[in-house]
Protein chains: 2
Amino acid sequence: MSLPHVLLGLLSRGPASGWDLHARMSRDPSLGWDADLAQIYPALRLLLRGGFIAMKRRRSVKGPARREYRVTSAGLREFREWLAEPPGLPRTKDTALARLAFLEKLRPVDRRARLVAYRGLVAEALRAAAPVSTAAKRRRRALLETELAWVDAEAMLLAVQAGDG
Amino acid sequence: MSLPHVLLGLLSRGPASGWDLHARMSRDPSLGWDADLAQIYPALRLLLRGGFIAMKRRRSVKGPARREYRVTSAGLREFREWLAEPPGLPRTKDTALARLAFLEKLRPVDRRARLVAYRGLVAEALRAAAPVSTAAKRRRRALLETELAWVDAEAMLLAVQAGDG
DNA sequence: CGGCAGTATATGGAGAGTTATATACTTTCC
DNA sequence: GGAAAGTATATAACTCTCCATATACTGCCG
């Protein structure tokens, strides 16, 4: 049950609509959480009913009326409690990684292709990672760089083995 | 829809029961996938009905009869097709990370405590990471090491700032 | 004027994943 | 002999997540 808490956290940085929250989440992968609008709207409604956030309708510059939310003191308290919970590594669930884990099942040629494709993804993500400012962003950047280095190392290894064979 | 394919992949390394598959997944985090038994059993049943795997009952050394599965050629074909699909980075969903992203919401003292707690988790995972053999394991190890370095760098930064204040 | 793109809200339904619970067989320890 | 611990399978009930779809308002382009 993290989504509501992440929403509270984002709102603690400033009022926002569901649309805004979604934009913030998908724009910033260093946040560690991303959700669909179809999930955000009901979550906001629940938070509202629970008194953790407050809502105000506002005319939109473009499009239908916005619903702008802000955290209440109860919401802030709830958020802080969540922050204080002991951390725990999550159950990994990563399709790209799962595929890479079975790299040995492919012929070297295909293996190489797989690595190249993955490298493209990582390089792209790295380009998108803005010049570093927050701790979370520094972390993301470092991890992406390591990932890239790993891909290159594995590709090199493959090349060497091909040379031997 | 990754779980069935990961199961096929694991079975392609050798026959196993649901129990075994679960054990393999949770023992090896470099695999990038982990699922609950309650999810594995129904998945195996579907794969069986689809003809992707075959089942044989076997007496267990200890406990009730095991159901041992192996991939069929249809299963192997299906697995290879999945492997060939273009990769894509998944939607991030990581509670620990989400909490760290809001580090700035804490007082420096608590921030430090949070980092220390997280460091413990990462260090533990790193200890558990077996001496490196497969590409996926090398990747995991490298990422954990980077993570550890990041935590330490952030802690250092905090200390410096505290010195300034 | 009509259509398209962008902003904004919302719901329905399918599928994925978790938690709790039940059953059953074996070995070990008291 | 009984309780506990480990192996093994299974289901029910629930929550979470994703995808498709609907509605509606605005500005812009042709």
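Both backbone and side-chain heavy atoms feed into the values below; hydrogens, waters and symmetry mates do not. All chains are named by letter (A, B, ...) in the order of the sequence lines, taking the proteins before the strands, and each is independently numbered beginning at 1. The model shown is predicted, which means the values in this text are computed figures rather than measured ones.
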Fill in: All pairs passing ring pair (Phe, Tyr, Trp, His ring centres under 6.0 Å) where residues 3-61 of chain A contributes a residue, at least two apart
H5(A)-W82(A)
Worksheet item: Going by side-chain heavy atoms closer than 4.5 Å, which hydrophobic residues are tied to L158(B), directly or by a chain of links?
Response: L89(A), L100(B), L103(B), L115(B), Y118(B), L121(B), V122(B), L126(B), L144(B), L148(B), W150(B), V151(B)
Worksheet entry | Neighbours of DNA chain C within residues 83-95 of chain B, by heavy-atom distance under 4.0 Å | none
Item to complete: Could you run through nucleotides 25-30 of chain C and give me one letter per nucleotide, 5' to 3': B if any protein heavy atom sits under 4.0 Å from the base, S if only the sugar-phosphate is that close, - if neither?
Response: BB----
Discussion item. By nearest heavy atom, map P42(A) and A35(B) onto DNA chain C; which one lands nearer the 5' end?
Written reply: P42(A)
Worksheet item: Are OP1 or OP2 of dA16(C) and a side-chain N or O of Q39(B) less than 4.0 angstrom apart?
Response: no
Fill in: Euclidean distance, atom CG of residue L46(A) to atom P of dT11(C) [Å, nearest integer]
11 Å
Discussion item. Treating S2(B) as the side-chain partner and T95(A) as the backbone partner, does any N or O pair qualify as donor plus acceptor under 3.5 Å?
Written reply: no
Practice prompt. Identify whether the distance between the nearest side-chain nitrogen and carboxylate oxygen of R141(B) and E145(B) falls below 4.0 Å.
Written response: yes
Discussion item. Measuring from the side chain of D36(B) (C-beta onward, heavy atoms only), which nucleotide among dT18(C), dC19(D), dA8(C) has the closest atom?
Written reply: dT18(C)
Worksheet item: Tell me, which of residues 14-25 of chain A have any heavy atom that sits under 4.0 Å from an atom in DNA chain C?
Response: S17(A), G18(A), W19(A)
Fill in: Between P of dC25(D) and CZ of R57(A), the distance in whole Å
14 Å
Practice prompt. Send over the distance from L37(A) CG to dT17(D) P, rounded to a whole Å.
Written response: 15 Å
Discussion item. For a quick test of reading the model, state the closest non-hydrogen atom pair linking E68(B) to S17(B) and the distance between them.
Written reply: CG-N, 4.2 Å
Item to complete: Ignoring hydrogens and angles, tell me if any N or O in the side chain of R24(B) forms a donor-acceptor pair with the backbone of L10(B) under 3.5 Å.
Response: yes
Item to complete: Check whether any side-chain nitrogen or oxygen of Y41(A) sits under 4.0 Å from OP1 or OP2 of dA10(C), and answer yes or no.
Response: no
Worksheet entry | Side-chain donor/acceptor of R77(B) to backbone N/O of T72(B), under 3.5 Å | no
Worksheet item: Rounded to whole angstroms, how far apart are CG on L3(B) and P on dG17(C)?
Response: 7 Å
Response to the item:
Which of dT9(C), dT18(C), dT9(D) is nearest the side chain of R67(B)? It is dT9(D)
Worksheet item: Under the 3.5 angstrom rule, does the side chain of K93(B) hit a backbone N or O of K93(A) as a donor-acceptor pair?
Response: no
Item to complete: Scan R45(A) against the nucleic acid and name what it touches under 4.0 Å (heavy atoms): base, sugar-phosphate only, or nothing.
Response: sugar-phosphate
Practice prompt. Specify the separation, in whole Å, of atom CG of L7(B) and atom P of dA16(C).
Written response: 12 Å
Fill in: Residue A38(B), side-chain heavy atoms: nucleotide from dT9(D), dA20(C), dT9(C) that is nearest
dA20(C)
Practice prompt. Grab the CD-C1' distance between E68(B) and dT9(D) for me, whole Å please.
Written response: 14 Å
Practice prompt. Any chance you could pull the hydrophobic cluster mates of L143(A), using side-chain heavy atoms under 4.5 angstrom and chaining through other members?
Written response: L143(B)
Item to complete: Verify the neighbour count for atom CZ of R13(B): are there more than 12 heavy atoms of other residues, nucleotides or ligands below 6.0 Å?
Response: yes
Discussion item. So does S133(B) get a backbone contact from the side chain of R138(B), meaning a donor-acceptor N/O pair under 3.5 Å?
Written reply: yes
Item to complete: Just do the side chain to side chain contact (heavy atoms under 4.5 Å, CB included) check on L106(B) and R112(B) with the steps written out, would you?
Response: CA-CA 9 Å; L106(B) 295 173; R112(B) 192 171 167 68; over 6 Å; no
